[in-house]
Amino acid sequence: MNILVVGSGGREHALAWKLRQSPHTSQLFIAPGNGGTASLGTNVPIADTDIVGLAHFAQAHDIGLVVVGPEAPLVGGLADALAAKGIPCFGPRAWPAQLEGSKAFAKERMRAAGIPTAAFQVFEDLATARHSLRQAPLPIVLKADGLAAGKGVVVAHSLAEADAALEAMMVAKAFGRAGERVVMEEALEGEEVSLLALCDGERVAVLPSAQDHKRVGDGDTGPNTGGMGAYSPAPILPDDEAQAVAEQVIVPMVRHLSALGHPFVGVLYAGLMMTAHGPMVLEYNVRFGDPETQPLMLRLESDLVELLLACCQGRLDPATVRFSPEPSCCVVLAAAGYPGAYRKGMPITGLDEAAAVPETMVFHAGTAIQDGQLVTSGGRVLGVTARGRDLVEARERAYTAARAISFDGCFFRTDIAAKGIRRTA
Ligand code: AMP
Ligand code: GLY
């Protein structure tokens, strides 16, 4: 079967790598792909937001499965466009994708489905928002309603900070139309963890937990990024508890959407805070996480094509989802300046040495091939991912491989998985 992967990051390289291993895969296309996916299949120069172009390509190339990495095309209706052509798409249609596309929508669905989440209010005008803010306890969380690339959330510790955030979202329109509505919610405390599940519209197969590292600096300092590393499983949510947590935060949402006539096909990703009162949902994503997917794919033992196709065809059997018990760890190598402005086009060396470290895969994110040379083309450049008998060995291998690689201005966090290791020690 011909397969099309949509996206260009480390997540998509990891998915393409696993899809390539399946005997079901004939031609593999990645749109637009990166320097790593180019060695697994054919990169196609179509933007991941070009829904008409992607649907047209899928039809013209006899694609039997489209696997969508990022959220924007899902929110924009790629799954709907493919369904109209009878092409199986792993990823939800636009309506259920609003779980990620609109924070107000997600909160309202959570309330309706009885899912534990922070108390909230939704505002569409500044005066009402400012008024309610003055009755609310601090700290308070303000979220631009729409997609804001992970930047539309402010945890405000003072009224001045909260007012400034409201102004930025609703008046200065720092996030464009995403800020026309704002969700104000209670601040929660606890450790964050990602729980992802494959869904076929009715059934749910929970994957092992993973933990992302969103801040740019060691010790969770500095600005937020797309994610500087991840590991799986996260000891804060061990395998023998993941199913029970999914019964609280994922299964009721899948049932609720199905009852509304909008079955959810794809990955439902719950961003959780493990609070003193139990797990609470901070947000949903409607796709695989980046970088969580890199350590998850390194542990996955089942045939990914079979699993994703079973989801598209409404016949997912959770018993067929098998993972290696060995933990894995992904360290992101980024370009100096990231998440702010950074340079591109720096030559990358040392990949062969890195790949020689046992049980290690270097997934590409922001890379491209220029005149036969691998160069950087993004802020997050590579996701060096390794497996080991335990988290300590997985982390050691990932850092050994990471240190073998160089490009001008390369940096990485040195404490990926440290929290998990402390918890198991
Ligand atoms: P979100 O995009 O909704 O996941 O928010 C981004 C980040 O903001 C989360 O990863 C948390 O670190 C933080 N955050 C979001 N909601 C809350 C909340 N209710 N309480 C405390 N921190 C939050
Ligand atoms: N790792 C966070 C995300 O994929 O949204």
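Read the numbers this way: they start at 1 and go in the same order the structure lists the ligands and their atoms.
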Show me which atoms of ligand 1 lie under 4.0 Å from any heavy atom of K143. 3 (O), 15 (C), 16 (N)

What do the steps show when you test H364 against L351 for side-chain contact (heavy atoms from CB on, under 4.5 Å), and what is the final call? CA-CA 11 Å; H364 294 221; L351 288 185; 4.0 Å; yes

Using a 4.0 Å cutoff against the non-hydrogen atoms of G289, which atoms of ligand 2 qualify? 4 (O)

Between Q211 and Y231, is any side-chain donor less than 3.5 angstrom from a side-chain acceptor? yes

Do D220 and K419 pass the salt bridge (charged side-chain N to carboxylate O under 4.0 Å, His left out) test, and can you show the C-alpha distance, the side-chain angles, and the key distance before you say yes or no? CA-CA 11 Å; D220 297 327; K419 233 184 262 171; 3.1 Å; yes

Any atom of ligand 1 sitting under 4.0 Å from a heavy atom of E189? no

To the nearest 0.5 Å, tell me how far I250 CD1 sits from C199 SG. 7.0 Å

Measure the distances from the heavy atoms of M280 to every atom of ligand 1 and state whether one is below 4.0 angstrom. no

For the residue pair H262 and W95, categorise the inter-ring angle as parallel (less than 30°), tilted (30 to 60°) or perpendicular (more than 60°). parallel

Is it true that the side chains of Y269 and E292 contain a donor and an acceptor less than 3.5 Å apart? yes

Side chain, backbone, both or neither: L282 near ligand 1, heavy atoms under 4.0 Å: both

For N285, the ligand 2 atoms whose distance to one of its heavy atoms is below 4.0 Å: 5 (O)

Distance-only N or O hit between ligand 2 and E283, under 3.5 Å: no

Kindly say whether R389 contributes a backbone atom to a donor-acceptor pair with the side chain of E393 at under 3.5 angstrom? yes

Walk me through whether Q243 and D239 qualify under side chain to side chain donor-acceptor pair (under 3.5 Å). CA-CA 8 Å; Q243 185 65 39; D239 289 351; over 6 Å; no

Any N or O of D212 that comes nearer than 3.5 Å to an N or O of ligand 2? yes

Going by the atom numbers of ligand 1, which of them fall below 4.0 Å from some non-hydrogen atom of K103? 1 (P), 2 (O), 3 (O)

Quick one: which of V153, D212, V154 has a heavy atom closest to atom 8 (O) of ligand 1? V153

Which atoms from ligand 1 have a heavy atom of A187 less than 4.0 Å away? 20 (N)

Give the numbers and elements of all ligand 2 atoms closer than 4.0 Å to a heavy atom of R287. 3 (C), 4 (O), 5 (O)

Looking at S324, is its backbone amide N or carbonyl O close enough to the side chain of R299 to form a donor-acceptor pair, meaning the two atoms are under 3.5 Å apart? yes

Enumerated ligand 1 atoms positioned under 4.0 Å from heavy atoms of E185: 16 (N), 17 (C), 18 (C), 19 (N)

What I want to know is whether L188 and ligand 1 share at least one N or O pair that is separated by under 3.5 angstrom. yes

Without hydrogens or angle criteria, can the side chains of T225 and R215 be said to hold a donor-acceptor pair below 3.5 Å? no

Please identify which atoms of ligand 1 are closer than 4.0 Å to at least one heavy atom of M273. 21 (C), 22 (N)

Which of the listed options, M184, E192, K107, E186, holds the heavy atom that is closest to atom 11 (C) of ligand 1? E192

Is any side-chain heavy atom of F288 less than 4.5 Å from a side-chain heavy atom of F90? yes

Answer yes or no for R11: is there a heavy-atom contact with ligand 2 below 4.0 Å? no

